There are 2 protein chains.
Amino acid sequence: MTKATPHRRSRRQLPTADELRIWRDFIETAEALRSRLASRLQVESSLSPSDYAVLLALSEAQDRQLRSSELAAHIGWERSRLSHHLGRMERRGLIRRQECATDPRGAEVHLTPSGAEAFRGSTVPHLRAIREFFVDALTPEQLRAAGEIAAALRVHLDARDKE
Amino acid sequence: MTKATPHRRSRRQLPTADELRIWRDFIETAEALRSRLASRLQVESSLSPSDYAVLLALSEAQDRQLRSSELAAHIGWERSRLSHHLGRMERRGLIRRQECATDPRGAEVHLTPSGAEAFRGSTVPHLRAIREFFVDALTPEQLRAAGEIAAALRVHLDARDKE
DNA sequence: GCCTGCTAATTGACATGTCAATCAGGAGTG
DNA sequence: CACTCCTGATTGACATGTCAATTAGCAGGC
């Protein structure tokens with residue numbers, strides 16, 4: 001698409017060395033954060049961030065249960081990813097799947113008592129790790145800027161989805 | 001949380017709802033960016049970002065070869081991850097491993113002509129995607145702030161490594 | 001020469017993720 | 001009802017990553 005020219009840099013050019021360096025710092029740091037948080041949580045609660053996201057959504061849900069597709073939409077996962085992950089979580093006794101009453105094709109995902117317990121136990125360590133690794137590293141202005149940057153990137157990505 | 005806080009927030013407290021929202025936006029957006037870039041590159045060049053990182057390091061190396069451990073240090077990977085990845089890349093003909101002349105334990109990783117070719121072909125699409133998904137989404141001030149945020153997070157993480 | 005311990009790298013088992021294919025049950029149309 | 005298409009969800013094959021164990025060779029002390 002030939003777009004009206006931006007007032008800023010030309011959109012056709014490749015990134016400068018500076019821009020590239022920032023990109024690498026940004027993406028590698030985010031990756032390092034993710035991996036650090038994951039290994040911390042693994043030790044402190046035997047849950048991965050993915051487990052946590054699933055359990056969080058279920059905990060907040062009406063009756064502690066959700067249709068599989070609602071759950072997927074809520075946490076923004078592809079269906080097959082969720083299916084595989086639920087299979088693993090079910091084997092570990094964190095959740096249970098049962099046939100949906102209203103639609104025989106569907107599955108209801110239920111939080112088990114053991115899953116609820118694991119979730120409770122991991123909440124504080126999880127939040128503490130986020131503060132420690134992320135919030136404490138930034139000044140209040142940087143934190144605000146981080147939120148704005150994430151929002152801008154998200155909007156831009158979503159916009160490009162539809163084109 | 002009603003807190004008459006000093007200049008900085010107390011380090012013991014859990015994150016506020018705002019802080020938590022920013023964290024989630026940040027980490028999920030970074031993840032979305034990574035995945036978007038990966039699938040774009042897969043289509044345009046049949047290389048993953050990991051492949052690209054390995055090929056980039058080798059391309060810049062003296063004689064287009066590196067000791068396996070130097071390569072790992074250069075791109076910041078664990079050894080076993082690199083070993084597995086090199087195995088896959090070797091099967092695809094992108095690199096070649098051969099015994100190191102000076103230390104029989106070591107391996108030299110060489111860029112093959114086919115690997116060099118794949119790398120050349122993927123450079124422009126790669127850079128273009130970075131501009132499109134990342135640089136173009138941000139104002140110059142946001143871009144600068146992103147660099148500073150990444151640096152601050154990195155420093156903080158590294159500092160916590162040593163404690 | 002023989003231990004002991006260190007370093008380089010690989011391996012195996014397993015967790016996680018993607019993609020394409022599949023299965024089963026609606027739902028609309030003739 | 002028969003046909004076709006859509007939707008909900010799972011599955012299998014395979015790519016990727018982590019962790020712990022293993023293989024192999026170097027190096028120092030005795």
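Not measured: the values here are computed from a predicted model. A, B, ... follow the sequence lines: proteins, then strands. Residue 1 opens every chain.
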Query raised in the report: Any idea which heavy atoms bring P125(A) and E44(A) closest together, and the distance?
Result: CB-OE1, 2.9 Å
Requested in this report: May I have the distance from L37(A) (atom CG) to dT18(D) (atom C1'), rounded to whole angstrom?
Outcome: 16 Å
Query raised in the report: Would you say the side-chain atoms of H110(A) and D63(A) include a donor-acceptor pair closer than 3.5 Å?
Result: no
**Report entry** Shortest side-chain distance from S50(B), nucleotide among dA9(D), dG17(D), dC19(C)
**Finding:** dG17(D)
Query raised in the report: Can the ring centroids of F133(B) and H156(A) be said to lie less than 6.0 angstrom from one another?
Result: no
Report summary line: Of the listed dC26(D), dT18(C), dC19(D), the closest approach to the D103(B) side chain comes from dC26(D)
Report summary line: Residue pair H84(B)/E108(B) against DNA chain C: nearer the 5' end by closest nucleotide is E108(B)
Report task. On DNA chain D, check which nucleotide each of R97(A) and Q42(B) is closest to and give me the residue with the more 5' one. Result -> R97(A)
Report summary line: W77(A) atom CH2 is separated from dC19(C) atom C1', nearest whole Å, by 17 Å
Query raised in the report: From dT11(C), dG26(C), dT18(D), pick the nucleotide closest to the side chain of R105(A)?
Result: dG26(C)
Query raised in the report: So what does R67(B) hit on the nucleic acid, given a heavy-atom distance under 4.0 Å: a base, only sugar-phosphate, or nothing?
Result: sugar-phosphate
Query raised in the report: Among the nucleotides dT11(D), dT10(C), dT10(D), which one has an atom lying closest to any side-chain atom of S68(B)?
Result: dT10(C)
Requested in this report: Give the rounded distance in Å between these two atoms: CD of E78(A) and C1' of dT16(C).
Outcome: 13 Å
Requested in this report: Let me know the distance between CG of L86(B) and C1' of dA8(C), rounded to the nearest Å.
Outcome: 13 Å
Requested in this report: Among dG17(C), dG12(C), dG17(D), find the nucleotide with the atom closest to the side chain of R81(B).
Outcome: dG17(D)
**Report entry** Note: E108(A)-R97(A) ion pair, threshold 4.0 Å (strictly below)
**Finding:** no
Report summary line: Rounded to whole Å, the CZ-C1' distance (R92(B) to dC14(D)) equals 13 Å
Query raised in the report: Any luck finding a side-chain donor-acceptor pair between Q142(B) and R144(B) under 3.5 Å?
Result: no
Query raised in the report: To the nearest Å, how far apart are E99(A) CD and dG8(D) P?
Result: 16 Å
Query raised in the report: What is the distance from CG of D51(A) to C1' of dA15(C), rounded to the nearest Å?
Result: 10 Å
Report summary line: Rounded to whole Å, CZ of R79(B) lies from P of dA24(D) at a distance of 17 Å
Query raised in the report: Contact class for H85(A) vs. all strands (heavy atom < 4.0 Å): base, sugar-phosphate, or nothing?
Result: sugar-phosphate
Requested in this report: Side chain of S69(A) only, please: which of dG8(D), dA15(C), dG17(D) is the nearest?
Outcome: dG8(D)
**Report entry** Per P104(A) side chain, nearest of listed nucleotides dA8(C), dA9(D), dG26(C)
**Finding:** dG26(C)
Requested in this report: Specify the residue among S80(B) and R88(B) whose closest nucleotide of DNA chain D lies further upstream toward the 5′ end.
Outcome: R88(B)
